[in-house]
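Here is the structure we will look at, set down as structure tokens.
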Amino acid sequence: MYYKREFKTAFTTSIPVMMGYGVLGFAFGLLITSLEYPWYLALIMSIFIYAGALQFLAVGFFGAKLGLFDIFITTIFVNIRQSFYGLSVLKKFKKSGKLKPYLIFGLTDETYALLTTIKEDNRLNKKWYYFYLTALNQSYWISGTVLGALFGSIVKFNTNGLEFSLTALFVVLTIEQYKENKNFTPFLIGIITSIIAIVTVPINNMLIVAILCSLLGMFLLRKRLENVN
Amino acid sequence: MSTNELYMAIIVMTFANFLTRVFPFLFFVKHEPPAWVVFIEKNFPPIIMTILIFYTLTSVDFTTAPYGMKEIIAIALTAFLHIRFNNYLVSIFIGTIFYMGLVQFIV
């Protein structure tokens, strides 16, 4: 194998993600097969979409028969934080040549966290180190997903209530967001616009309406949002 | 959704998700991003996460008994676990298993 040392370092660095992605991927795979979708649907999604929260949410889209335009807009806004990650690794990825498209594709929350917080060894060939780190992380996500999906299609048990894992995931992510920026205004905007949307439009349009109202709310409350930043 | 619709949805999500990741590399390699772009990218994530909690609860009927109490209790437990132990796997798993217990054995 080329760049063996880069692989070894990447592997050691990625072990915490192995745990996280393995378990969460397993839950996702299980959810997919519990709703009678084929196991390989989970595999296809983890190869091509490769975004945790979005994949869980996708299960809801499938069930609600959400339109493609709504799926597109929702995806953009659910993952808009990733553009922020890209902004801060523009320089890091500059000299990565042919590997760059994959590095960008694989820029998940966890990969970004590892890329930006772990101190780098200057003897390493950077682009290969980044590549192995990104690819290892995705391989954990894919393995977890497939194992969960296969487990779900072989072992039959009562999965009633399993869909709560999605709610729990967003509760956890919301708390994490609060820790990063101790400002209650964005949550208030989210709560008010969600209630407005649920009360005024059919459930299938709820996300889009809540997102649009929130954008408006953000600019109206701009000062309150920026005060703490 | 039919199988075709399912795959179309996956293609759209693949494309849109990649777009959020590649966006800065397409536009801001040479220029600094405008202030409003940074403002949205910075402040939208906590808003959308809050909205998504509500979105996952849209099938719950809060107007008739038990008025969404199962969901509210399970959310409170999940949040408590997360604030207390700060481990997202623990919070999600115990929260979900607790909820599954509630709907399968109690109500």
Side-chain angles (χ1 to χ4, degrees), chain A residues 20 23 41 44-45 48-49 51 54 57-58 60-62 65 68 71-72 75-84 86-87 90 104-105 107 158 160-162 164-175 177-178 181 186-187 189-191 193-194 198 203 206-207 210-211 214 218 225 229, chain B residues 1 5-25 28-29 33 36-59 71 74-75 78-79 82-83 88-89 91-93 95-96 98-104:
Chain A
V23 177
L41 195 71
I44 292 171
M45 290 171 78
F48 293 104
I49 304 179
L54 178 67
L57 195 60
F61 296 164
F62 298 161
K65 294 191 197 297
L68 294 178
I71 291 179
F72 179 82
T75 304
I76 297 279
F77 281 98
V78 169
N79 282 338
I80 203 160
R81 65 183 188 287
Q82 298 178 151
S83 306
F84 199 63
L87 280 180
L90 284 175
I104 296 172
F105 165 79
L107 198 59
N158 187 349
N160 213 344
L162 186 65
F164 186 80
S165 54
L166 181 56
T167 311
L169 175 70
F170 292 124
V171 168
V172 166
L173 291 175
T174 304
I175 295 172
Q177 289 289 339
Y178 180 75
N181 177 4
F187 305 100
I189 296 177
I191 292 169
T193 57
S194 297
I198 289 173
I203 293 307
M206 180 249 162
L207 270 173
I211 288 170
S214 298
M218 277 173 78
L225 285 167
N229 290 344
Chain B
M1 277 191 182
E5 286 171 326
L6 222 59
Y7 287 113
M8 281 306 291
I10 292 176
I11 291 169
V12 169
M13 279 184 278
T14 301
F15 175 71
N17 178 51
F18 184 66
L19 202 62
T20 62
R21 289 180 185 163
V22 80
F23 178 68
F25 295 92
F28 305 125
V29 174
W36 65 271
V37 171
V38 178
F39 175 69
I40 293 179
E41 283 173 349
K42 204 169 174 186
N43 292 290
F44 206 73
I47 299 179
I48 189 75
M49 291 308 155
T50 314
I51 294 174
L52 289 173
I53 297 177
F54 283 88
Y55 177 70
T56 62
L57 298 173
T58 45
S59 59
E71 288 73 20
I75 287 174
T78 308
H82 197 65
I83 293 162
Y88 69 97
L89 296 178
S91 331
I92 293 170
F93 265 75
T96 305
F98 174 78
Y99 182 77
M100 289 173 79
L102 274 186
V103 294
Q104 290 182 19

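Source: prediction; values computed, not measured. By convention in this document, chain letters (A, B, ...) are assigned in the order of the sequence lines, proteins followed by strands, and residues within each chain are numbered from 1. The analysis underlying the following values was restricted to heavy atoms, covering all of them including side chains, and did not include hydrogens, waters or symmetry mates.
Both the backbone and the side chain of L52(B) come within contact range of chain A, each with at least one heavy atom under 4.5 Å from a heavy atom of that chain. Using a 4.5 Å cut-off between heavy atoms, I48(B) contacts chain A through its side chain alone, with no backbone atom that close. At a 4.5 Å heavy-atom cutoff, the contact between Y99(B) and chain A is made by side-chain atoms alone. Heavy atoms of L169(A) lying under 4.5 Å from chain B belong to its backbone as well as its side chain. When heavy atoms are compared at a cutoff of 4.5 Å, Q82(A) approaches chain B by way of both its backbone and its side chain. Interface remark: Y55(B) contributes backbone and side-chain atoms alike to the contact with chain A (heavy atom separation under 4.5 Å). Heavy atoms closer than 4.5 Å to chain B are found in the side chain of I198(A), but not in its backbone. Only the side chain of L57(B) comes within contact range of chain A, with at least one heavy atom under 4.5 Å from a heavy atom of that chain. Residue L19(B) touches chain A through its side chain alone, counting heavy-atom pairs closer than 4.5 Å. Residue M218(A) touches chain B through both its backbone and its side chain, counting heavy-atom pairs closer than 4.5 Å.
Note on L6(B), L89(B), T78(B): by heavy-atom pairs under 4.5 Å with chain A, the leading option is L6(B). Between chain A and the residues I40(B), I11(B), V38(B), the largest count of heavy-atom pairs under 4.5 Å involves I40(B). Among F18(B), Y7(B), F25(B), W36(B), the residue making the largest number of heavy-atom pairs under 4.5 Å with chain A is F25(B). Most heavy-atom pairs under 4.5 Å with chain A: of the set S59(B), A9(B), S91(B), this distinction falls to A9(B). When each of L173(A), L87(A), T193(A) is checked for heavy-atom pairs under 4.5 Å with chain B, L87(A) comes out on top. Highest contact tally toward chain A, considering only T20(B), T50(B), T14(B), is held by T20(B) [criterion: heavy-atom pairs under 4.5 Å]. In terms of heavy-atom pairs under 4.5 Å with chain B, the best-connected choice from A58(A), S165(A), G60(A), S83(A) is S83(A). With chain B as the partner, the residue from L57(A), N158(A), I76(A) showing the most heavy-atom pairs under 4.5 Å is N158(A).
Using a 3.5 Å distance cut-off with no hydrogens or angles, the side chains of T56(B) and T167(A) do pair a donor with an acceptor.
F54(B) and M206(A) get closest at one heavy-atom pair: CB-CE, 4.0 Å. Between P186(A) and N43(B) the shortest heavy-atom distance is CB-O, 4.3 Å. Of all the heavy atoms in I80(A) and E41(B), the pair that sits closest is O-CG, 4.1 Å.
For CZ of F15(B), the number of neighbouring non-hydrogen atoms (other residues, nucleotides, ligands) closer than 6.0 Å is 12 at most. Annotation: Y178(A), atom OH; neighbour count of heavy atoms from other residues, nucleotides and ligands within 6.0 Å is above 12.
Aromatic rings from F23(B) and F28(B) are positioned such that their centres are separated by under 6.0 Å.
A donor-acceptor contact shorter than 3.5 Å is absent between the side chain of Q104(B) and the backbone of G161(A). When atom types are taken as modelled, the side chain of R21(B) and the backbone of F105(A) share a donor-acceptor pair closer than 3.5 angstrom. At least one donor-acceptor pair under 3.5 Å links the side chain of N17(B) to the backbone N or O of I49(A).
The distance from atom CE of M1(B) to atom CZ of F61(A), rounded to the nearest 0.5 Å, is 9.0 Å.
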